[in-house]
Amino acid sequence: MNYRSIKGTKDILPSETPLWQYAEQIIRDVFRQFNYKEIRTPVFETTALFARSIGELTDIVGKEMYTFQDRSGDSITLRPEGTASALRAYIQNNLGESLPLSKVYYIGPMFRQERPQAGRLRQFHQFGAEAIGSPTAETDVEIIAMTLEIYKRLGITNYTLQINSVGDEECRPRYKEVLRNELLKIADKLSGESQKRIEQNPMRVLDSKDENDKALTAGMPLITDYLNDECQAHFERVKSLLSAYSIPFTVNGRLVRGLDYYTKTAFEITSTELGSQDALAGGGRYDLLVKELGGKQTPGVGFAAGMERLMMILEKKGFQPPVQRPTVFLAAADDKARDWVLKTTMMLRTKGIAAECDLLSRSLKSQMKEADRQQAKYSLVVGSMELETGSAVLKNLTDHSQQQIQLGTIEQFFTR
RNA sequence: GUGGCCAUAGUUCAGUCGGUUAGAACGCCAGGUUGUGGCCCUGGAGGUCGUGGGUUCAAAUCCCACUGGUCACCCCA
């Protein structure tokens, strides 16, 4: 019997974690500098939370969630995204009562049962942020600028920012009606998928990648032509702020996100470095969601980004993260010195020095090879002779220089 | 959920028209005159050829099913 990780899940191995940790550090740095604080929520929630927020008719809720009954019969779902949980926590803990604007971020695993593919796993990792309590376009742009800053710091430049406004509860229904009527005229020529969407979610038809659909809908009215004054003003403000901050973007009037809760601003960042799963990050405003989930009417805006897709680009670029290496490797030249080496290695560690020694009773040559493989900065060879004289040769494994040091002062050498 | 391609040492891959003890490189282990790594040299360990069935005197090789991987559709991070 051989056990394997579940289809679509992956081990992140010791050889890969340095790159993850490096990226995570930069992500956290940027969040901190933009003054977003981390929130950690459970990875599972009651199923209704996701159904209500993401939308019953979305693909995510309809066919991708890991939903099961626990032993007491409650319907539980592994979170497919982070916003719903963050807002649930915001409401449950009354975060809005003590602060007018809550700026939070998260980073962790998400779960969707899709067919695995390049850049698409069943357990994957997202980082994202939410600014809950602000209706302003300035906040939208802060979220977008922060997202881009992360990629910029990681040396990623090959991306495109697309933005759109999907309107609000007043102007979107009006537009949907107009679009639906237009689509019905050519319904029989559209792809099957698109035909199904005309009634439930006509805007998604415009986002279809089917070439025939694209051609048929080429001249259709866009949401951006039907925005009411408020949404229009908000959208204009977002665009002018982006320009003011020298952030390049393209307006895509057909951009619709796969989650139903967005209002006004929606955006997506894609990269040509990825395969067909080219979305690096996406987000937008959700002014109705907090109320929808049982809180007070509270506007908000946020984004989510995929860790694995970020990793794919960093790996492709051949980015080398700093590796974890011992400061010193203590080698025992003979069996009489092994006890001293073990004891001293332990002592150095308790003083905050990364020290390593051989645990496999290996030959001196093997120990030196190990020191080299571990990329230790120094090696110290100690045998009976050194124990007697109280001094040994400390070798710098990078520049190959050597020096004689007193065994009693070894700790000071590394702590000064 | 649908389709294409793929599955041989730890890893990346060879393996002829089906033919006898399945190879290479890298990695790993041990040595290279009795106490110093990286390069080099020598030797060694390591594979029920994804699983199950079928065809055949004979299957890593041909056929089928299953499982897994991968890429695309779809969807999205």
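So that the names make sense, note that chain A is the first sequence line, chain B the second, and so on, each numbered from 1. Just so we're clear, the structure is a prediction, and the values are computed from it rather than from any experiment.
Between the side chains of Asp334(A) and Ser384(A), a donor-acceptor pair is found at a separation under 3.5 Å. Defined by atom type and a distance below 3.5 Å, a donor-acceptor pair is present between the side-chain atoms of Arg254(A) and Thr217(A). Gln33(A) and Asp29(A) share no side-chain donor-acceptor pair at under 3.5 Å. Side-chain atoms of His234(A) and Asp140(A) form a donor-acceptor pair, as typed in the model, at a separation below 3.5 Å. In this model, no donor atom of one side chain and acceptor atom of the other lie less than 3.5 Å apart for Thr270(A) and Gln162(A). No donor-acceptor contact under 3.5 angstrom links the side chains of Gln123(A) and Thr9(A), judged on distance only. Judged by distance alone, the side chains of Asn158(A) and Glu273(A) do bring a donor and an acceptor atom under 3.5 Å apart.
Spacing of P atoms, U48(B) relative to C63(B), comes out at 25 Å, to the nearest Å. Comparing C73(B) with U51(B), their C1' atoms are spaced 29 Å from each other, to the whole Å. Here, G31(B) and U12(B) have their P atoms 30 Å apart, quoted to the whole Å. With P as the reference atom, A58(B) and U20(B) are 15 Å apart, rounded to whole Å. Only the C1' atoms considered, G50(B) is 14 Å distant from A9(B), to the nearest whole Å. Only the C1' atoms considered, G43(B) is 44 Å distant from U55(B), to the nearest whole Å. One C1' atom belongs to U56(B), the other to G19(B), and the distance between them is 12 Å to the nearest Å. Comparing the same atom, C1', in U16(B) and in C26(B) gives a spacing of 26 Å after rounding to whole Å.
Nucleic acid contact for Met385(A): base, since at least one base atom lies under 4.0 Å from a heavy atom of the residue. Nucleic acid contact for Gln375(A): none, since no nucleic acid atom lies under 4.0 Å from a heavy atom of the residue. Backbone-only engagement by Gly8(A) is indicated by non-hydrogen atom pairs under 4.0 Å involving sugar-phosphate atoms exclusively. Using a 4.0 Å heavy-atom cutoff across all strands shown, His400(A) reaches at least one base atom of the nucleic acid. Across all strands, Arg122(A) comes closer than 4.0 Å to no nucleic acid atom at all (heavy-atom distances). As judged by a 4.0 angstrom heavy-atom cut-off over every strand, Leu259(A) is placed among residues touching the sugar-phosphate backbone only.
A salt bridge links Lys103(A) with Glu142(A): at least one charged nitrogen is closer than 4.0 Å to a carboxylate oxygen. Ion pairing of Glu114(A) with Lys63(A) is absent here, as no side-chain N (NZ or NE/NH1/NH2) approaches a carboxylate O to less than 4.0 Å. Ion pair Arg285(A)/Asp287(A) flagged as a salt bridge, since at least one NZ, NE, NH1 or NH2 atom sits closer than 4.0 Å to an Asp/Glu carboxylate oxygen. A salt bridge is absent between Arg174(A) and Glu177(A); no separation between the charged side-chain nitrogens and carboxylate oxygens falls under 4.0 Å. The residues Arg237(A) and Glu138(A) are annotated as salt-bridged, a charged nitrogen and a carboxylate oxygen being separated by less than 4.0 angstrom. Salt-bridge annotation for Arg153(A) and Glu149(A): present, with a side-chain N of the basic residue lying under 4.0 Å from a carboxylate O of the acidic one.
Between Lys214(A) atom NZ and C73(B) atom C1' the separation is 13 Å, expressed in whole Å. In this structure, Arg362(A) places its CZ atom 15 Å from C1' of G31(B), rounding to the nearest Å. Atom CD of Glu370(A) and atom P of G27(B) are 14 Å apart (whole Å). Taking atom CG of Leu274(A) as the reference point, atom P of C76(B) lies 16 Å away to the nearest angstrom. Remark: P of A30(B) and NZ of Lys365(A) are 10 Å apart, rounded to the nearest angstrom. Regarding Leu13(A), its CG atom lies at a distance of 15 Å from the P atom of G10(B), rounded to whole Å. Separating the CG atom of Asp399(A) from the P atom of G37(B) is a distance of 16 Å, rounded to the nearest angstrom. Counting to the nearest Å, the P atom of C75(B) and the CD atom of Glu81(A) are 18 Å from each other.
Screening residues 115-156 of chain A for ring-ring contact (aromatic ring centres under 6.0 Å, His included) gives Trp20(A)-His125(A) as the qualifying pairs, with residues at least two apart or on separate chains.
Base pairing in RNA chain B yields stems of at least 3 consecutive Watson-Crick or G-U pairs, both distances under 3.5 Å, namely B:1-7 with B:67-73, B:10-13 with B:23-26, B:28-32 with B:40-44, B:50-54 with B:62-66.
Considering only side-chain atoms of Asp372(A), the nucleotide from G37(B), C75(B), G35(B) that sits closest is G37(B). The side chain of Lys395(A) sits closest to U36(B) out of U36(B), G68(B), A30(B).
With a glycosidic angle more than 90° from 0, G43(B) adopts the anti conformation.
Residue Ser366(A) places none of its side-chain N or O atoms closer than 4.0 Å to OP1 or OP2 of C29(B). Put simply, Arg373(A) has a side-chain N or O that comes within less than 4.0 Å of OP1 or OP2 on C28(B). Applying the 4.0 Å criterion to OP1 and OP2 of A72(B), one finds that Ser276(A) has a side-chain N or O inside that range.
Less than 4.0 Å separates RNA chain B from at least one heavy atom of each of the following residues of residues 108-121 of chain A: Arg112(A), Glu114(A), Arg115(A), Gln117(A), Ala118(A), Gly119(A), Arg120(A), Leu121(A). A heavy atom closer than 4.0 Å to some atom of RNA chain B occurs in Asp59(A), Glu64(A), these being the qualifying members of residues 33-64 of chain A. Heavy-atom distances under 4.0 Å link RNA chain B to Ala333(A) of residues 321-349 of chain A, given in residue order.
Between Gln277(A) and Leu280(A), the one whose closest nucleotide on RNA chain B sits nearer the 5' end is Gln277(A). For the pair Glu308(A) and Gln402(A), nearest-nucleotide mapping onto RNA chain B gives the more 5' position to Gln402(A).
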For residues 371-378 of chain A, tabulate all N or O donor-acceptor pairs below 3.5 Å that involve a side-chain atom, not counting sequence neighbours.
from: Arg373(A); atom 1: NE; to: Glu370(A); atom 2: OE1; distance (Å): 3.3
from: Arg373(A); atom 1: NH2; to: Glu370(A); atom 2: OE1; distance (Å): 2.6
from: Gln374(A); atom 1: NE2; to: Glu370(A); atom 2: OE2; distance (Å): 2.8

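Relative orientation of the Tyr36(A) and Phe31(A) rings is tilted, given thresholds of 30° and 60° on the angle between their planes.
Counting distance only, with no hydrogens placed and no angle test, the side-chain atoms of Glu386(A) and the base atoms of G35(B) include a donor-acceptor pair under 3.5 Å.
Here the two rings, on Phe319(A) and Tyr22(A), have centers that are under 6.0 Å apart.
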